[in-house]
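Lettering follows sequence order; numbering is per chain, from 1. Quantities reported herein were computed from a predicted structural model and do not represent experimental measurements. What you see below is based on every heavy atom in this structure, not just the backbone, and it leaves out hydrogens, waters and symmetry mates.
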Amino acid sequence: MSDLLKDLNKEQKEVVTSTEGPLLVLAGAGSGKTKALTHRVAYLVAEKGVLPESILAITFTNKAASEMSGRIDNLIKSSGTVKMGTFHSICAQILRREAHHLGYPGSFVIFDQDDSKKVIKQVIAKLGLSDKKIPVTTAKNLISGAKNELIGPEEYANYAESFREKSIVEIYKTYQKELEKNEAMDFDDLLMLTVKLFQKFPEVLKKYQNLWKYILIDEYQDTNHAQYLFVRLLSATHGNICVIGDDDQSIYSFRGANFQNILDFEKDWPKTKVVRLEKNYRSTKAILTAAQSVIERNTERSKKTLWTENETGRPIEVYEAASEEDEAGFVARKSEEIKVSKGKLSDIAVFYRTNAQSRAIEEQLLNMRIPYKIVGGVRFYERKEIKDALAWLRVASGANDWIAFERSLTSPPSGIGKLSITRLREYGEENKLKIKDLASDGNLANAIGGRVVEPLSEYFRKIKKIQDTAQKSLSSAVELAIKTSGLIEHLSDGSFENEERIENLKELLSVVKELENVKDDLTLESFLEEVALISDIDNYNESDEGITLMTLHTSKGLEYKYVFIVGLEENIFPHSRSMLDASELEEERRLFYVGMTRAREELYLVYARRRLYFGGIQHNSPSRFIAEIPPNLLDFVNGGGETEEKEIGDIQMSGAFKVGDEVEHEFFGRGKILEINDDEITADFNVYGKKTVSLEYAPVRKV
DNA sequence: CGCTGTAGACTTTTT
DNA sequence: GTCTACAGCG
């Protein structure tokens, strides 16, 4: 037997050896999925003689990709040329070579959320619409949703009825034109345009079908429609498509992910072989059972039963904190305890629903001098000062990027302000000029006004210098950009925040130097692309000492010996915006399931009786999710000293209500029941009027 | 043009 | 409580 099959269970072996044809792997949490995947790739190369370069593996993060290639390298000699990456990075690479078919230059820039919002804002103004009526974020979300569904502006127009929808159509149209003018693509374009490219140009598609004969997709439950089509097109000829996922861990529907893709896989590929990985190697029986009983409440899922040979382990500790400080104090004290008695701080993780919750925990950990690191939050490459420095580099890269142009001219101030830049852009548009043409345009003084001439030529001199330097050394170019932009002087006012910003700029330089050492073919363009598609988790190093703080979303795919989930209160988790809709609530539950199943040995669930929120005090009941765990697995601990009666398990069944009862709903307030239907009631609320709510999900009680 | 102060919004999660 | 956007002034 091949060495590659040693230490694998029967199902994992099937994953590894079923190399031909469509394969669907339903992999439960902690079921040794990555192991099966890496061994599969190694097996393809070592046993089946498949060339590494004809394998494409798509992962959810860049970090997962580099980890995977590291693990494969340990199994076989060279996996170096297996193509691995996220959907976005793979699509970007394809488009670099092929975008000319679609009328884009291969040197397009990638606009992040912030850049796209700026463009949309300009577009709304240009169309004479008010961003009061159509907020930028709304427009952005609707356009993004359409792109994920591969709906272009023309098609979108077919649905549009209301004024708002019609406005969105116009914004969408103009936005795409603006992106083209800027030679830019947003995140969604990377996917949508690649699929369009494949659909419009069969010969291009064929090229990639012939190149990648074996395709693997991890976290398939979190693919959106565009990604789904991308995969289907690429594997259409050979059908060697292996997807791995777990519908119970689908937590990204807000950005268009559709876990129906995994449930429907067998319909798309009738000859699909299905393998279920249900043996859990990660968690104790207590944790696994608890997680199972929570997720079983969901109706939209495929049935599966995880099991483990691990020991029962300790009960799950539930701590009722008096406040968010007390909550943080509990985390800090327990962490100390764990460190002293049995483990390392790096074995500990704290998960929360929203980034804002990290602050209280951080303060407490700082107080107690417990080292910690945060993954997520304001990402490094989204910081203002970093974006400012990168804007100089983006213009220097030769991109016709007006967003970066404006940014680099205004921060730090150059003497040319917003008004002049708008005029410059309009002037450029009228005369079909690109940014770089402005440098040599003799008519600017007439067209815009004399006072832009001097600062602008100064600006272009600097850009030129950065450009020239980039030919020789990227890091010198970055260093020059930081210096010549005047950012450092501008920030040198001695204030604490600005000192930190200067530190960040220095950090940027060391990141580039490091990258340069690893990749000798790093160009300015490839560096900018890498930066655009990087995520925070990609830079996270688990071996660093200290406990780890992150959102539940970020925790997917990771595991820790000791896990704290904090803020387990109604309105916080489940989040208030997700409580009124049954399927959104199920997603919250999956998120809780993901968090729980990260824990190997000990799980702590924490909620606070009162919490500071928006400067005001909020009282929330304990999260319903706690009540969904069998009580025998829980160990309740009280804290804070203050007594305040609060029961876990506020969920009532319809039998408890009758028509005419006064009820109180968490959001709709007081009302009177008009009608009861199975587990739904219709009530007339004093403020909100007639509403039907599901008792299974709605935070409603009798008064 | 660019800085300052204030009113207003805002917090779900992210490639 | 914190960040941002913008009006109004120098």
### Query
Out of B:dT14, C:dC6, C:dT2, which nucleotide sits closest to the side chain of A:Arg255?
B:dT14
## Note on the structure
A:Ser420 has its side chain closest, among B:dC1, B:dT14, B:dT11, to B:dC1
### Query
Counting any heavy atom closer than 4.0 Å, what does A:Leu419 reach on the DNA or RNA strands: base, sugar-phosphate only, or nothing?
sugar-phosphate
#### Entry: Most 5' of A:Thr551 and A:Thr137 on DNA chain B, judged by nearest nucleotide
A:Thr137
#### Entry: Nearest listed nucleotide, side chain of A:Glu588, among B:dT15, B:dT12, C:dA5
B:dT12
### Side-chain donor-acceptor contact under 3.5 Å, A:Asn141 with A:Thr138
no
### Task
Would you tell me whether A:Asp246 and A:Gln221 have side-chain atoms, one donor and one acceptor, within less than 3.5 Å of each other?
no
### Message
Applying a 4.0 Å non-hydrogen cut-off, can you work out what A:Thr554 is touching in the nucleic acid: base, sugar-phosphate, or nothing?
### Response
sugar-phosphate
### Task
Scan A:Ile416 against the nucleic acid and name what it touches under 4.0 Å (heavy atoms): base, sugar-phosphate only, or nothing.
sugar-phosphate
### Query
Of the nucleotides B:dC1, B:dT15, C:dA5, which one has an atom closest to the side chain of A:Ser535?
B:dT15
### Query
Looking at A:Arg359, does any N or O in its side chain come under 4.0 Å of the phosphate oxygens OP1/OP2 on C:dG1?
no
### Query
Would you say A:Phe254 stacks on B:dT13, if stacking means ring centres under 5.5 Å apart and planes within less than 30 degrees?
yes
### Summary
Of the listed B:dT12, B:dT13, C:dC6, the closest approach to the A:Asn355 side chain comes from B:dT13
### Message
Starting the side chain at C-beta, find the nucleotide from B:dC1, B:dC3, B:dT15 nearest to A:Pro413.
### Response
B:dC3
#### Entry: Of the listed nucleotides B:dT14, B:dT15, B:dC3, the one nearest the side chain of A:His490
B:dC3
### Task
Indicate the ring-plane relationship of A:Trp402 and A:Phe405, choosing parallel, tilted or perpendicular according to the 30° and 60° boundaries.
perpendicular
### Task
Looking at every strand, decide which applies to A:Ser144 at a 4.0 Å heavy-atom threshold: base, sugar-phosphate, or nothing.
nothing
### Query
Which residue, A:Leu533 or A:Ile421, contacts DNA chain B at a nucleotide closer to its 5' end, judged by nearest heavy atom?
A:Ile421
### Query
Quick one: does A:His575 reach the base of B:dT12 with a side-chain donor-acceptor pair under 3.5 Å?
no
### Message
For a quick check, tell me whether the side chain of A:Arg577 and the base of B:dT12 share a donor-acceptor pair closer than 3.5 Å.
### Response
no
### Task
Give the C-alpha distance, both sets of side-chain angles, the deciding distance and a yes or no for ring pair (Phe, Tyr, Trp, His ring centres under 6.0 Å) between A:His553 and A:Phe351.
CA-CA 9 Å; A:His553 279 89; A:Phe351 304 150; over 10 Å; no
### Message
Evaluate A:Phe254 against A:Tyr252 for ring pair (Phe, Tyr, Trp, His ring centres under 6.0 Å), listing each step before the verdict.
### Response
CA-CA 5 Å; A:Phe254 67 90; A:Tyr252 283 100; 5.7 Å; yes
### Message
For B:dT15 and A:Asn224 - does any side-chain N or O of the residue sit under 4.0 Å from the phosphate oxygens OP1/OP2?
### Response
no
### Query
On a whole-Å scale, what distance lies between the C1' atoms belonging to C:dA5 and B:dT12?
23 Å
### Message
Does B:dT15 have OP1 or OP2 under 4.0 Å away from a side-chain N or O of A:Lys556?
### Response
no
### Message
So for A:Glu587 and B:dT13, does any side-chain atom that can act as donor or acceptor lie under 3.5 Å from a complementary atom in the base?
### Response
no
### Message
Any carboxylate oxygen within less than 4.0 angstrom of a Lys/Arg side-chain nitrogen, looking at A:Asp222 and A:Arg255?
### Response
no
